[in-house]
S.K.: 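Following this message is one structure expressed as structure tokens.
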Amino acid sequence: MQGVGFRPFVHRLATEMRLGGQVGNDAQGVFVEVEGLGLEIDVFERRLVDEAPPLARIDRVEVIETAPRRQRRFQIAGTRAGGQVRTFVSPDIAVCADCLAELDDPRDRRYRYPFINCTNCGPRFTITLRLPYDRPNTTMAGFSMCRDCQAEYNDPSNRRFHAQPIACPACGPQLWFARQGERIEGTDPALNAAVRALEADGILAVKGLGGFHLACDATSSAALAELRRRKARPAKAFAVMVKDLGVAALLAHITPREASLLESPQRPIVLLRRRSDSSLTPEVAPDNPLIGLLLPYTPLHHMLLSAVPGPLVMTSGNLADEPICFEDDDARRRLAAIADCWLEHDRPIHVPCDDSVMRVAGDLIVPIRRSRGYAPLPLKLPAHVTPTLAVGAELKNTFCVGAGSDAWVSQHIGDMGSLETLAAFERSVAQFDRIYEVTPERIAADSHPGYQTRAWAERRSADEPVLVQHHHAHVASVMADNGIDAGQSVIGFAFDGTGYGPDGAIWGGEVLLAGYDSFERVAHLRYVPLPGGDASIRNPYRVALAHLRAAGVSWTADLPPVQAAGTDELLVLERQFARGFRCVPSSSMGRLFDAVSSLIGYRHRVSYEAQAAIELEAAAEAQSLAGSGAAGNFNFEVGRGQIDAAPVVRAIASAVKVGVPAGIIAAEFHHAVVAMIARVAAEQSAATGIHVVALTGGVFQNTVLLQGVRAKLEAMGLSVCTHRSVPPNDAGVALGQLIVAGTRP
Ligand code: ZN
Ligand code: ZN
Ligand code: FE
């Protein structure tokens, strides 16, 4: 990887050990030539791995003996000829402890300098214009180094040797505060003005690493109400940045695993169980048992969080559903109606990159959004692929470029549907082309005829794009994520909200026997007609009514979804169902979770995807924490490729009518899904001899379900694949499309 200080590290190590030789790049990666006594070389080899810089990633060390060339000194060689070097751009990494110490040291020349960085930390991907990763090829090109910085940059023993974004107050980027016509220069005056604005419930736009954030006081309900109104975001949770782990622990319950993820150099947002006694205003995440916390990752964040009294909401600077703002003029225009004031700087952002989001489930890390800190790290593919561009899915879009055994999954792009997102998608594809110099010979897309990504792929490619069925892509994605070889097959459970089925139905509760080359749909949730497609997604009570009807349960007034619909609406829906007018058959597991949430009276209408399912999961979790696990009272009916939810729906309706507490029903429902998966997996495994089960789709972001299924299947002797690097949700679809299309003959 370029820009992580590996060659200077080797130089320092060899020089310290008085070994001669050289280090450089060649087509295979990094080569090192050392001359010395055998014992010294052994020690060198061990230290090379053990003491490698934090951002270096060593996949493999290969040792070859050559004749000595009597090299006394050790030097850094240029790039050796012999084929094109495929080097990797490093992701952006949180400011390191050494830089933070200097930031706080009044004697240091970078004391309180908000753009301090070194070879072990700072911006990378977001400032890269093209490769090789050298300063003129970054957005730091416009800042010429002062003599002090230049000396550090040239000194192989210095921590900033060849640190491309190296800067200091004398030569580097500067910070300022702006409000209407007013502009306050200088780090401390600008910061003070920003802090005063936040204390007065203002909304501050902060230019960060991969884009602008909108910040406000997370303990002020007035500030939050205003932010929600201006951002047109009624309920979806905002992420909160806290000064350190100590403050985080006051807001959420944090396991050691979660703590180390929060403090990792990637600094993702980690979804945590919120403490009921936290100081956060409930408007931060209304009715949401989870809270997304993150720690400061730039020096500016550290300075800001030390200066304000409490936690800050830090949400992507965008309008609802649009991509994050990262260019100064565009941000000024698009955020004008949201931000009261601005904390800005003059280091341009070239590549936008949203914060990543992660969740911990026992010993698993579940990626929810893989973006800053992770993208564009390459993923190693278990199979060789033809150079291919996979355009991904429509929501939570990412795309993926791959060639040979390398794949690069893009940062989070966003939800397709607005021109801005499509433009962001196109720009990012072009940036990837420039950085990786992969010329795709194939383009892969989802088979959904209405997807903008598919239309784009058709416009872009001379040949027809390779169309990959949505749930096949999900299963291939989790397979690739677990290094499963081409030629192997798995029993894949792809449970999500929506995906296009070749029969015209909405799929989403799919059991596929799949390899990369093909799939067979061996079972699925039995179709239930859902009224009005997208309107159902926003109105779980309608989905509940559909499931009640399909299960033969009358719409009686003692059922919550019946109460949620007006009398007139019930009449209209009744007629609609009777005629089948605008009803789409669906096997969606995501919608079944929504239906159950409404059935037990939790949530009848949602303003964002998965809102209902998150609450249902939390209720089930609370129930299991309270020690009263599920008794196994609900059961899906499984037979001849059909998984029928009707018996579960009937049992839930009866339980609701006799007043069984919602938490117990939620736990029983989760238990029923786990038991159903176990049964289907056992049957398929017995029939086919396949012992690998793959779990994928947005429904598996549910950690109660994920852990329950995994434990059960492993106890049965099956091996379970879950997502590791890419999310189970639609952000992971691009990787699956890539390997399916790229491995075709
Ligand atoms: Zn550093
Ligand atoms: Zn300088
Ligand atoms: Fe999906």
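Both backbone and side-chain heavy atoms feed into the values below; hydrogens, waters and symmetry mates do not. First listed ligand is number 1; within each ligand, the first listed atom is number 1.
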S.K.: Tell me yes or no: between the side chains of T126 and D92, is some donor less than 3.5 Å from an acceptor?
M.R.: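 Yes, D92 and T126 have a side-chain donor paired with an acceptor closer than 3.5 Å.
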S.K.: Keeping the roles fixed (side chain from R454, backbone from S447), state whether a donor-acceptor pair exists under 3.5 Å.
M.R.: yes
S.K.: Rounded to the nearest 10 degrees, what's the angle SG of C146 makes with SG of C168 at the Zn ion (ligand 2)? Could you check?
M.R.: 100°
S.K.: Is any side-chain heavy atom of F143 less than 4.5 Å from a side-chain heavy atom of R135?
M.R.: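 Yes, side chains in contact.
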S.K.: From the Fe ion (ligand 3) out to just under 2.8 Å, does an N/O/S atom of H471 turn up?
M.R.: no
S.K.: Given atoms SG of C121 and SG of C99, what angle do they subtend at the Zn ion (ligand 1), to the nearest 10 degrees?
M.R.: 110°
S.K.: Is NZ or CZ of R372 both nearer than 6.0 Å to the six-membered ring centre of Y297 and within 45° of the ring axis?
M.R.: yes
S.K.: Roughly, to 10 degrees, what angle do C96 atom SG and C118 atom SG form around the Zn ion (ligand 1)?
M.R.: 100°
S.K.: With rounding to 10 degrees, what does the angle C149:SG / the Zn ion (ligand 2) / C171:SG come to?
M.R.: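 C149 SG and C171 SG form an angle of 110° at the Zn ion (ligand 2).
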S.K.: For D496, what is the atom name of its N, O or S atom nearest to the Fe ion (ligand 3)?
M.R.: OD2
S.K.: Output yes when a side-chain donor or acceptor of T388 lies under 3.5 Å from a complementary backbone atom of G402, and no otherwise.
M.R.: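 Checked: no pair found.
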S.K.: Tell me which N, O or S atom from D730 is the closest to the Fe ion (ligand 3).
M.R.: OD1
S.K.: In the structure I gave you, are the side-chain heavy atoms of R160 and Y153 within less than 4.5 Å of one another anywhere?
M.R.: no
